[in-house]
Amino acid sequence: MAKAKSSKRQASKTSKTAKSTQSTSTQQAATIAPEPTPVDPASLTYEAVIGLEIHCQLSTQTKIFSSSSTQFGAPPNTNIDPVCLGLPGTLPVLNEKVLEYAVKAGLALNCQIAPYSKFDRKQYFYPDLPKNYQISQYDLPIAQHGYLEIELVDENGTARRKKIGITRLHMEEDAGKLVHAGSDRLSGSTYSLVDLNRAGVPLVEIVSEPDLRTGQEAAEYAQELRRILRYLGVCDGNMQEGSLRCDVNISVRPVGSNTFGTKVEIKNMNSFSAIQRAIDYEIERQVAAVKAGEAIVQETRLWDEATQQTRTMRVKEGSSDYRYFPEPDLGPIEVSAEQLAAWRADLPELPAQKRHRYETEWGLPPQDARVLTDERGVAEYFEATVAAGAPPKLAANWIMGDITAYLKEQKLAIEALPLKPTELAELIQLIEAATISSKMAKDLLPELLTQGGSPKALVEKKGLSQISDVATLEAMIDEVLAAHPNELEQYRAGKTKLQGFFVGQMMKKTCGRADPKLTNQLLAKKLNASS
Amino acid sequence: MATKVITAEDVRKVAHLARLAVDESEIEALTQQLDSILDYVNQLSELDVTDIPPTTRAIEVSNVTRPDVLEPWPNREDLLAIAPDREDDFFRVPKIM
């Protein structure tokens, strides 16, 4: 099975990884103006070509090749062992969960899973890498040729869908962390300190095809990827803690051109909005440069959150030579058809499938579908509420409104909410049956959110059920009218605005329990009856 | 095979990539030695391997994995102590650039 693929290694050994071969070879022609008939570059319209490389930390207990903890935030060099330090005589052994999570991620991203895969050594020298090589995957990554679907909703609520290709997904180990003494930066420090807690933490690197065209598309792609991994439970996606790190490759070219411009890499974006802003800034910078006839330099740039600009970090001098070779300490990986089927059967319904279903089966607007499916827990809560009999749109409104606000305020996950989906459904049904008004439901909500329990029982306990019996309401209206002869006279003399006053009196009399719609109808009838 | 596979420039590049300090006076000898090693290995290309699947490793064992069970290394201090230099909880390394 590995026959054809292994020979390919030789052909592309100078490029960083197999996936960058295709882009580097096509991105050399930086000249924008075609030679024979020079066109003024300023007169052209440009588009950006963007690809993302995302590193995701897998949510395992232990490291990829040793049994130390992966816990974030431990004191320096707490989670270390001879294997992750690369001490002589030690042997790495693959964590079975890493393989499972990588394959599940590959399946969820519609990839082909390699029936035969292996690890390789990527050689470079840097103190955060104790072995002087990183164990990664080169020519036989665990997953390839996939895609994910992004959905962009415009101001009018219209959804546009786009498939973004996934070139490859491979497993690798993370490096350690450096602290540069005497300075925040590398330059200026007299020595550096190394914390190897992160060395050997399992990662998957997911490389997209250059299918993205705008900062918004790129940010949405990254968010969708995060959503999928969180649905699978294979990565927590925490960008602040570095569980999800995003590098962007970006070039610009005249619209209609099918070659690539010179590629620039951007790093250091700590949020999805930073990804979007960094890309939009970089597109503007590159288009301005090529329009002015300047060449784009192939380099790595850093996003600076303070100035909202990208700046040069290092200029790339030719492609790096990592001298990949097969990792002799680790055997190959063969995922059997049975194992693959078992892992596939474990996959949950994914956000894109849920969005489609909410929109087509339940008629929810795309924006609602998007909000409800952002977190798997919220989507499942919503679905359970609908399953318990609540109309989807009403359930959606409660969850996206009051419940989300409460969870945010209390910093709670929806799984920990005392009000259970069946109870929310019951509350909605009480409103639907006009047993209580929406206003009363809102008044009951704080207690339900903090304590849970049956809304029906709570309504009964508090004697809050809505008064919607015609005879009872009519009798009360008669009393109210009798108690306010002056207002009644004024109303009948033409001051019809006073109906509101009478409604207010009814609400006061019933402590808000009078069915507002029915009260208005009955009141109007009585007020307009001949005097 | 008489033709040279390795040039002096290749030797300088490989030495640099491996961070080996090679004296210019050694280059000629190293070039010849590396070339003869490659020449020796190159005998394999005399064989017709058209229908033989490539061997990625010598031992036919696959899927060697371990369960995801935490077993912290008991002697952290030993690991820090064997480093050439340290500062408190950190390994200390010379100025990088």
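Just so we're on the same page: letters track the sequence lines, and every chain starts at 1. The figures here come from the full heavy-atom set of this structure, side chains too, leaving out hydrogens, waters and symmetry mates.
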Quiz item: Considering only heavy atoms, which portion of A:T78 lies under 4.5 Å from any heavy atom of chain B: side chain, backbone, both, or neither?
Solution: both
Practice problem: Determine the option with the most heavy-atom pairs under 4.5 angstrom with chain B, choosing from A:L99, A:N79, A:L330. | Solution: A:L330
Exercise. Apply the test salt bridge (Lys or Arg N to Asp or Glu O under 4.0 Å) to residues A:K122 and A:D120: give CA-CA distance (whole Å), side-chain angles for both, the deciding distance (0.1 Å), then the verdict.
Key: CA-CA 6 Å; A:K122 176 181 177 179; A:D120 300 275; over 6 Å; no
Self-check item: Side chain / backbone / both / neither for A:L87 at chain B, heavy atoms under 4.5 Å
Solution: side chain
Self-check item: Which atoms of A:Q339 approach chain B - backbone, side chain, both or neither, heavy atom under 4.5 Å
Solution: neither
Self-check item: Interface residue of largest heavy-atom contact number with chain B, from A:G176, A:P75, A:P127, under 4.5 Å
Solution: A:P127
Self-check item: B:K13 bridged to B:E9 by N-O distance under 4.0 Å
Solution: no
Practice problem: Tell me, out of A:N132, A:T60, A:L94, A:V83, who's got the most heavy-atom pairs with chain B below 4.5 Å. | Solution: A:L94
Self-check item: Nearest heavy atoms of A:D236 and A:R230, plus distance in Å
Solution: O-NH1, 2.8 Å
Quiz prompt | Heavy-atom closest contact (A:F65 atom, B:R66 atom, distance) | solution = C-NH1, 3.4 Å
Quiz prompt | A:R168 side chain to A:D139 backbone, donor-acceptor under 3.5 Å | solution = no
Self-check item: Contact origin within B:P67 toward chain A - heavy atom pairs under 4.5 Å
Solution: both
Exercise. Sort out for me which of A:P328, A:S117, A:G331, A:P82 touches chain B most, counting heavy-atom pairs under 4.5 Å.
Key: A:P82
Quiz prompt | Centroid separation A:Y191 to B:F90 less than 6.0 Å | solution = no
Quiz item: Which answer fits A:I333, side chain, backbone, both or neither, if we ask what part of it has an atom under 4.5 Å from a heavy atom of chain B?
Solution: both
Quiz item: Most heavy-atom pairs under 4.5 angstrom with chain A, which of B:V61, B:V14, B:N63, B:D85?
Solution: B:N63
Exercise. Pick one of side chain, backbone, both or neither for B:A18, based on which atoms fall under 4.5 Å of a heavy atom in chain A.
Key: both
Exercise. Check whether B:V93 gets within reach of chain A through its side chain, its backbone, both or neither, counting any heavy atom under 4.5 Å.
Key: both
Quiz item: Quick one: do A:K63 and A:D81 make a salt bridge, cutoff under 4.0 Å?
Solution: no
Quiz item: Does CD belonging to B:E71 count more than 12 external heavy atoms closer than 6.0 Å?
Solution: no
